[in-house]
Number of protein chains: 2
Amino acid sequence: MSTKAERTTAYIIETVAPLFNKHGYIGTSMSDLTEATGLTKGAIYGNFENKEALALSAFEYNRNILLTALDEELNAPGSALDKLSNLTEFYKKYDAFTLKMGGCPILNVGVDAQHNNKLLAAAVKETIKEIEGKIALVLENGLNNGELKLPVTPLQFAKQLFTMIQGAIAMSTITLDRKYLLNTITYLEILIKREL
Amino acid sequence: MSTKAERTTAYIIETVAPLFNKHGYIGTSMSDLTEATGLTKGAIYGNFENKEALALSAFEYNRNILLTALDEELNAPGSALDKLSNLTEFYKKYDAFTLKMGGCPILNVGVDAQHNNKLLAAAVKETIKEIEGKIALVLENGLNNGELKLPVTPLQFAKQLFTMIQGAIAMSTITLDRKYLLNTITYLEILIKREL
DNA sequence: AAAAATCTATACTGTTTGGTATATATAGGT
DNA sequence: ACCTATATATACCAAACAGTATAGATTTTT
């Protein structure tokens, strides 16, 4: 069984991750964190070196949830097209999926950290690369199987796909209108059926 | 000629607009503003009621630059397809265009203000509606001319177009890689040529 | 050019910021 | 059950926060 401190550390991360995601690095104060966790500064600083380390752990927590969910869709049994279909279905519900974490961590932290925190900004860039790689791998396998053909390289197509998805997420987030998400994904489904 | 105070007000807005756009509402402090403008708090608070009013003016300043530039492209003489071509050309250089204002104000303020400032968040939503309306109008005119046909309503197509553009902006901004912008716009040009 | 209006600088407010030293309380191992 | 190690709370720090009162400087109007 895990030690008390490990459980406290995990509890803190889980609790503050949505706060950092919603209000940004600077926008989240230590008093916000003590209030949300019910712990004191002593407890938090006993488990994390400083605010930055905590914010980074919080992002990584959200990122792992996202990557795990994506892996589940992309590694499910079935053809490459099946996996892509899993992916689009997943993103149709992405707003509900990211509700607990306070919205899309890639969009929120990516934009917030750009000029406010280099470590976080780099972590987001790395996460994007990972996701694009995962999608590209599925496409490459489908290509090698002869199951589908591509107008561009697998990575290039994956990047285009993810860009459109991220655009839908951005628009839905900013306008609070999930139609952007639904309509874009519907378009992507048609695009996949037609092009591949 | 304008009065001294009016010029000072304008000077303050021009100077602080990129700061608010880059670092967000909470991330920009009054001392950042006095430092950048070379003015004191007295001068700034003499021209603006508070930080929020200044941030709103700063966003509106950037927004007006953007809307004016878009109007120039969409109201230029020529056919509807010409105007759409102007639009895609404009967005190919969007990263350079938004450099002075510290990045895309719709993306930056839209994400930042979401949970930090309702007034700003509402202003961004309104701006998106305006831009979509402008694009939709061009499409509608082209439709009425018999110049082009659309798979969906003009507004719906405008929204899809803008979502993809905004996705490219988001990805380019977060990764600092303008290829996302270029590749997406290239794709849009093909899409317009094929679908319309 | 004088008077009235307006703009800006200075100095200050109370509050909140991230972070720390230390004392106490609690957990884990024997 | 005790002892040691560790985790948490309390009280504090200097700096930075947004905002303000007022006095002096500069425009603008007359």
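In what follows, every chain begins at residue 1, and chains take the letters A, B, ... in the order their sequences are listed.
No option in A:T34, A:T9, A:V16 other than A:T34 meets the side-chain contact (heavy atoms from CB on, under 4.5 Å) test with A:I44.
Between A:N47 and D:dA7, a side-chain N or O to OP1/OP2 separation shorter than 4.0 Å is absent. Contact annotation: B:S29 side-chain N/O to D:dC17 OP1/OP2 distance is under 4.0 Å. For B:T3 and D:dT28, the shortest distance from a side-chain N or O to OP1 or OP2 is below 4.0 Å. Of the side-chain N and O atoms in A:T8, none sit less than 4.0 angstrom from OP1 or OP2 of D:dA7. Residue A:S31 places none of its side-chain N or O atoms closer than 4.0 Å to OP1 or OP2 of C:dT16.
Per the geometry, CZ belonging to A:F48 stands 16 Å off P belonging to C:dG18, to the nearest Å. Between the C1' atom of C:dA27 and the CD atom of A:E6 lies a distance of 13 Å, rounded to the nearest Å. The CD1-C1' distance, from A:I44 to D:dT10, rounds to 15 Å in whole Å. Computed from coordinates, the B:R7 CZ to D:dT28 C1' distance equals 12 Å when rounded to whole Å. Atoms OH (A:Y11) and C1' (D:dT8) sit 14 Å apart, rounded to a whole Å. In this structure, A:L54 atom CG and C:dG18 atom C1' are separated by 12 Å, rounded to whole Å. In this structure, CD1 of B:I12 is placed 10 Å from C1' of C:dT8, rounded to the nearest angstrom. Between B:L33 atom CG and D:dA16 atom P there is a gap of 16 Å when expressed in whole angstrom units.
Residue contacts for A:T28: at a heavy-atom cut-off of 4.0 Å it reaches the sugar-phosphate backbone alone, with no base atom in range. Contacts of B:T40 with the nucleic acid, taken as non-hydrogen atoms under 4.0 Å apart, include base atoms.
When the nucleotides C:dT17, D:dT8, C:dT20 are ranked by their closest atom to the side chain of A:Y45, C:dT20 comes out on top. Closest approach to the B:N50 side chain among D:dC17, C:dG19, D:dG19 is made by D:dG19 (side chain taken as heavy atoms from C-beta onward). Side chain of B:M30, nearest nucleotide from D:dC17, D:dA18, C:dT17: D:dA18. In this structure, of C:dA9, D:dA18, C:dG28, it is C:dA9 that holds the atom nearest to the side chain of B:L39. With C:dT20, D:dT20, C:dT8 as the choices, the nucleotide that has an atom nearest any side-chain atom of A:K41 turns out to be C:dT20. In the set D:dA18, C:dT8, C:dT17, the nucleotide with an atom closest to the side chain of B:K4 is C:dT8.
For the residue pair B:N183/A:Q160, the side-chain donor-acceptor check at 3.5 Å is not satisfied. In summary, the side chains of A:D32 and A:S29 do present a donor paired with an acceptor at a separation below 3.5 Å, with no hydrogens or angles considered.
A distance of 6.0 Å or more separates the ring centres of A:F59 and A:F20.
Contact check on B:E189 versus B:K92 returns a salt bridge, with a Lys/Arg side-chain nitrogen under 4.0 Å from an Asp/Glu carboxylate oxygen.
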- [ ] Check step by step if side-chain hydrogen bond (donor to acceptor under 3.5 Å, both in side chains) holds for B:S79 and B:D82.
- [x] CA-CA 5 Å; B:S79 67; B:D82 286 339; 3.2 Å; yes
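Both A:E49 and A:D32 sit near DNA chain C, but only A:D32 has its closest nucleotide nearer the 5' end.
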